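Have a look at the structure below, then the notes.
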Amino acid sequence: LTIMDLCVICKKDAPKNCGCCKRRYYCSVACQKKDWKTHSKECFAPDAKCTRCLQTIPFPPGKCLIEHPEHLLEDRGSSFEVGL
């Protein structure tokens, strides 16, 4: 069992992971729901691309590495589209 096989909330065995990013592991839907407020800020699909420059978003940091002007506004990062 590796650290990635443990639920990020309760540290129990976690047979399931986030359906979008595949990077967070959970033992139950209840734990996934508890984590969503935090995880939603960093969750994106592995093949997500920046909608401005179409570069693949690296993980980490989880945002486009090119400093588009709109990225500088409150540092919200890029918007993502999957499968471009």
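The structure displayed is predicted, hence computed values, not measured ones. We count residues from 1, following the sequence as given.
By the 4.5 Å heavy-atom criterion applied to side chains, Glu42 and Arg24 are counted as neighbours.
Listed here is the closest heavy atom pair of Cys18 and Cys43: SG-SG, 3.7 Å.
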Audit row: Asp13, Asp5, side chain to side chain contact (heavy atoms under 4.5 Å, CB included) steps and yes/no: CA-CA 6 Å; Asp13 289 348; Asp5 295 323; over 6 Å; no

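Scanning for side-chain contact (heavy atoms from CB on, under 4.5 Å) contacts around Lys12 gives Cys10, Cys27, with sequence neighbours left out.
The distance from atom SG of Cys20 to atom NE2 of His39, rounded to the nearest 0.5 Å, is 7.0 Å.
The hydrophobic cluster containing Tyr26 also includes Val8, Ile9, under a criterion of side-chain heavy atoms closer than 4.5 Å among ILVMFWY residues, counted directly or through chains of members.
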